[in-house]
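One structure is given below, encoded as C-alpha cells.
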Protein chains: 2
Amino acid sequence: MSMPTSRDVARLAGVSQTTVSYVLNGRGNVSDATRERVLGIAAEIGYRPNQAARSMRTRRSGRIAVIMGAGIESHMQLLAGASEVAQQAGYAAESHHIDGTPDDRGERVLDLAASGQYEGILTIAPVPDELAAPVGSDCVIVPAATFDAELHSMGPLADATLIGTFVETLAAAGHRTFVHIAGPDDYVSARARAAAYTEAVERLGLRSLGLIGGSWGAETGRRAILDLPAQDETIAVIAGNDDLAIGVLRGAAERGWSLPDDLVVTGWDNHEFGAYTTPAITTVAMDFREAGRRAMRRLVAALGHTTPPPEEQGLMRIVWRESTGELPTAG
Amino acid sequence: MSMPTSRDVARLAGVSQTTVSYVLNGRGNVSDATRERVLGIAAEIGYRPNQAARSMRTRRSGRIAVIMGAGIESHMQLLAGASEVAQQAGYAAESHHIDGTPDDRGERVLDLAASGQYEGILTIAPVPDELAAPVGSDCVIVPAATFDAELHSMGPLADATLIGTFVETLAAAGHRTFVHIAGPDDYVSARARAAAYTEAVERLGLRSLGLIGGSWGAETGRRAILDLPAQDETIAVIAGNDDLAIGVLRGAAERGWSLPDDLVVTGWDNHEFGAYTTPAITTVAMDFREAGRRAMRRLVAALGHTTPPPEEQGLMRIVWRESTGELPTAG
DNA sequence: TTGTAGGCGTTATCAC
DNA sequence: GTGATAACGCCTACAA
C-alpha cells in the first residue's frame with residue numbers, strides 16, 4: 001500500500017504521465033475536461049507529489065534552515081512566524097539549535113550552506129556580521145536582524161526607536177539620571193537599543209550613569225542595581241529586556257529602594273510575567289510572530305529573486321505600567 | 001560550479017560509482033586501500049551525498065515533523081533537544097506551529113501523516129489522545145507526553161510525582177489548607193499534576209479548597225486568589241507552573257496578603273523570573289532539553305523498530321525559595 | 001492538446 | 001572485491 005504516483009493518476013485518468021505533470025504544475029495547455037478529470041482522480045486516490053523526486057529533477061531542495069540559539073523565549077514566536085511563511089511559500093523550514101558564540105554558529109552555518117541541502121538559511125540567533133555564503137554554493141543566508149550599510153538598523157527586530165521615547169517621556173516627567181542595562185552586543189537588537197539610549201540621553205543633555213550589562217539574564221539586572229552607588233535622586237533604568245528589568249526590581253528590593261520613588265525601570269518584550277510583578281513592568285510589546293514572518297519573507301524573496309514586500313512599521317507599542325508610575329495618560 | 005556527485009568521486013578515484021556507494025554506506029566488501037582512496041577524494045572535493053536522490057531510491061524521506069503549539073516557552077527547549085537527536089540520527093526535524101485546539105492540531109497532524117512526506121511526527125503540543133496514523137501511511141506518530149494503558153504517566157514531561165513531595169513537605173511544615181491551580185487539561189502534564197495533587201491531599205487527610213484553573217496563564221493564578229474566600233489560616237497553593245504562581249503572587253499582593261504568613265505557593269518549570277520575584281518562587285527545575293531528546297529518541301527508536309533506551313529518571317529537582325519560606329534545610 | 005523519451009544522483013541486484 | 005545495470009518519481013524538451 002505505497003503512495004500513489006503520478007503514473008497511477010495518469011493510468012486511471014487515461015492520459016499520459018506528462019499530462020498529469022502539466023495539470024499539477026499549471027504548465028502547458030491542457031483542456032479543461034482533461035484537467036478536471038486528472039484533478040478528480042488525484043484527489044480521489046489521495047495523490048501527493050513525491051518531494052524527493054521533484055527536488056531531484058528541479059535541483060531545488062525546497063529546504064530552509066532556521067538557526068536558533070538557546071533559551072531566548074521570543075525566538076519561539078519568531079520561529080513560528082518564519083516557519084509559517086516558509087510553508088506557505090512551499091519550503092520546509094528546519095530549525096537548528098546551535099549553542100555557543102556567534103563564531104561557533106557562523107562556522108556551523110557555513111557548513112550547512114556548503115552542504116548543499118538548503119536553499120536558504122535564516123539566522124535568528126546572532127552570527128558574525130560579515131557572514132556570507134561560501135563560493136560555489138548558491139545558498140542564501142539572511143539574518144533576522146541586521147544593520148544596513150549606513151548602520152541604520154534594519155528589520156523590525158532591530159528597531160530601537162522606542163528606547164528614545166522611553167527616555168524622552170521619563171525626562172519630560174522630570175527624571176534627570178539615567179542608566180542603561182544592555183543585552184549582549186552580539187545581538188544587533190542590543191546594540192541598537194544601546195545606541196538609541198546614548199543618542200537620546202546626549203540629545204536631551206541628561207545625566208547617564210553609563211551602559212552596563214552584557215547579557216540578557218535577570219542576574220545581570222540585579223547585579224547592576226546592587227553595584228550602583230547610592231543616589232540622592234530617582235534613577236531611571238532603561239533595561240534591555242524584561243528579564244533584566246525583573247532583576248532590577250529584585251536588586252531594588254534588596255537595597256530597600258522603592259518604586260517609583262527611588263527608581264523607575266523600563267523593560268522590553270512584554271513577557272507575561274511583567275504584568276504580574278509588583279510593581280508591574282513598563283515594557284515594549286512586540287509582535288514577534290509577525291517579525292518572524294517578515295524575516296522569512298525577506299529570505300523567500302531573495303530566493304525567488306524578487307523584492308520583499310515593504311515592511312510597514314507598527315510591530316511595537318509601549319505598555320506603561322507601575323514600574324514607571326504608569327506615565328503617559330494621553331498619547 | 002554545481003555540487004560534485006558520487007560519479008565524480010568515482011572517476012577521480014578510478015573506481016566505479018557503485019564502489020563509492022559501498023564505501024559511503026559501509027556495505028559490501030571493499031578493500032581498505034580502495035576505501036581510503038575513495039574517502040580521500042570525497043573529502044578533497046567536498047562531496048556531499050544528494051539527499052533527494054537518496055530519498056527517492058530508499059523511499060525514506062528522512063524527515064520528521066515536530067508539532068508545536070503557540071507560546072509555551074519550554075517548548076523551545078524541548079524542540080532544541082528533539083532536533084538535536086533527530087539530526088544525530090540522520091533525520092531532518094521540521095517544526096510545525098499549529099494554533100488552536102487539540103482537535104485542530106489532530107486534524108493537521110493526520111494530514112501531515114497522510115502527505116507521505118514525513119517518516120515520523122513528534123507532538124509536543126497536545127493532540128487528541130487516541131490519535132493514530134491513518135491506514136496506508138507508515139508514518140509514526142509519537143506524543144512527547146502520554147499516559148500508558150494503565151493511566152500511569154509516561155515520559156519525563158508527565159512525571160508529576162514531585163507535586164506529592166510539595167504537598168507532603170508543606171503538610172509536614174504544618175500546613176493544612178491546600179488548593180491546586182491547574183493548567184488546561186488538554187495537557188497530559190496538567191492532568192498528571194492535578195491527579196498527583198488530589199492523591200496526596202486525600203492520602204494525608206488535608207483540607208482542599210479544590211482544583212481551579214484551566215489555563216497556563218498568570219491571569220488565571222491571579223483570578224484564583226482574588227476569588228478565594230477569606231481564610232483564617234495559611235493557604236498552601238500548588239500552582240501548575242510558574243506563570244500561574246506569579247499570578248498568585250500578584251493576587252496576594254492585591255489582597256494585601258503577605259507570604260509566607262497568609263499564603264505559600266509553589267510553581268513548576270523554574271523559569272528565570274521566578275528567582276527574581278519578591279518573594280522568589282519555589283518551583284521544580286526540569287531539564288526540558290533532555291526531555292526533548294528522550295521524546296525524540298522514542299520516536300527514532302520506533303522508526304528503526306528498535307526499543308528506546310531506558311529512561312533513567314532524574315530530570316527534575318525541587319528548588320525551594322522564599323514563596324514557601326525556603327523549607328527543606330536537610331534533604 | 002497530448003504523448004514519448006531521457007535523465008536528475010542514488011541504492012540494490014546481479015554478474016564477474 | 002568490484003562493476004554494469006536497472007529502477008525510484010518527476011519534469012521537460014521535443015515530437016506528433
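The chains referred to below are lettered A, B, ... by the order of the sequence lines, with proteins before strands, and numbering in each begins at 1.
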**Message:** Ignoring hydrogens and geometry beyond distance, is a side-chain donor-acceptor pair present between A:Gln17 and A:Ser6 at under 3.5 Å?
**Reply:** yes

**Complete:** The residue among A:Glu84, A:Arg289, A:Gln77 that forms side-chain contact (heavy atoms from CB on, under 4.5 Å) with B:His97 is A:Arg289

**Asked** Nearest nucleotide by nearest heavy atom, which residue falls closer to the 5' end of DNA chain D, B:Ser31 or A:Pro4?
**Response** B:Ser31

**Prompt:** To the nearest 10 degrees, how far apart in direction are the end axes of the helix from C:dT1-D:dA16 to C:dC16-D:dG1, each fit to five base pairs?
**Reply:** 40°

**Item:** Whether B:Glu119 side chain and B:Gly62 backbone form a donor-acceptor pair below 3.5 Å
**Value:** yes

**Prompt:** Is it true that A:Asp111 and A:Arg108 make a salt bridge, defined as a side-chain N closer than 4.0 Å to a carboxylate O?
**Reply:** no

**Prompt:** So does A:Thr5 get a side-chain nitrogen or oxygen closer than 4.0 Å to the phosphate oxygens (OP1/OP2) of D:dG9?
**Reply:** no

**Item:** Nearest to side-chain heavy atoms of B:Arg7, which nucleotide of D:dC10, C:dT10, D:dC8
**Value:** C:dT10

**Message:** Nearest whole Å is fine: how far is C:dT10 P from A:Arg59 CZ?
**Reply:** 10 Å

**Message:** Does the protein touch nucleotides 11-16 of chain C at the base, only the backbone, or not at all? Give it as B, S and - per nucleotide, heavy atoms under 4.0 Å.
**Reply:** BBBB--

**Request:** Could you note down all residue pairs passing ring pair (Phe, Tyr, Trp, His ring centres under 6.0 Å) where residues 115-136 of chain A supplies at least one of them, sequence neighbours left out?
**Result:** A:His96-A:Tyr118

**Message:** Categorize A:Ser55 for me: base, sugar-phosphate, or nothing, with a 4.0 angstrom heavy-atom threshold over every strand shown.
**Reply:** nothing

**Message:** For A:Arg63 and A:Gln117, which I'm curious about, is there any donor-acceptor pair between the side chains at under 3.5 Å?
**Reply:** yes

**Prompt:** Do the charged groups of A:Glu290 and A:Arg297 touch, with an N to O distance under 4.0 Å?
**Reply:** yes

**Asked** So, A:Arg191 and A:Asp129, do they make that salt bridge, N to O below 4.0 Å?
**Response** yes

**Prompt:** To the nearest angstrom, how far is A:Met56 atom CE from D:dA7 atom C1'?
**Reply:** 10 Å

**Item:** Nucleotide C:dT2, atom C1' - distance to CZ of A:Arg11 in whole Å
**Value:** 19 Å

**Asked** Rounded to whole angstroms, how far apart are CZ on B:Arg48 and P on C:dT10?
**Response** 13 Å

**Asked** Which nucleotide in the set C:dT10, D:dG3, C:dC8 lies at the smallest distance from any side-chain heavy atom of B:Asn50?
**Response** C:dT10

**Request:** State whether a side-chain donor-acceptor pair under 3.5 Å links A:Ser21 with A:Thr18.
**Result:** no

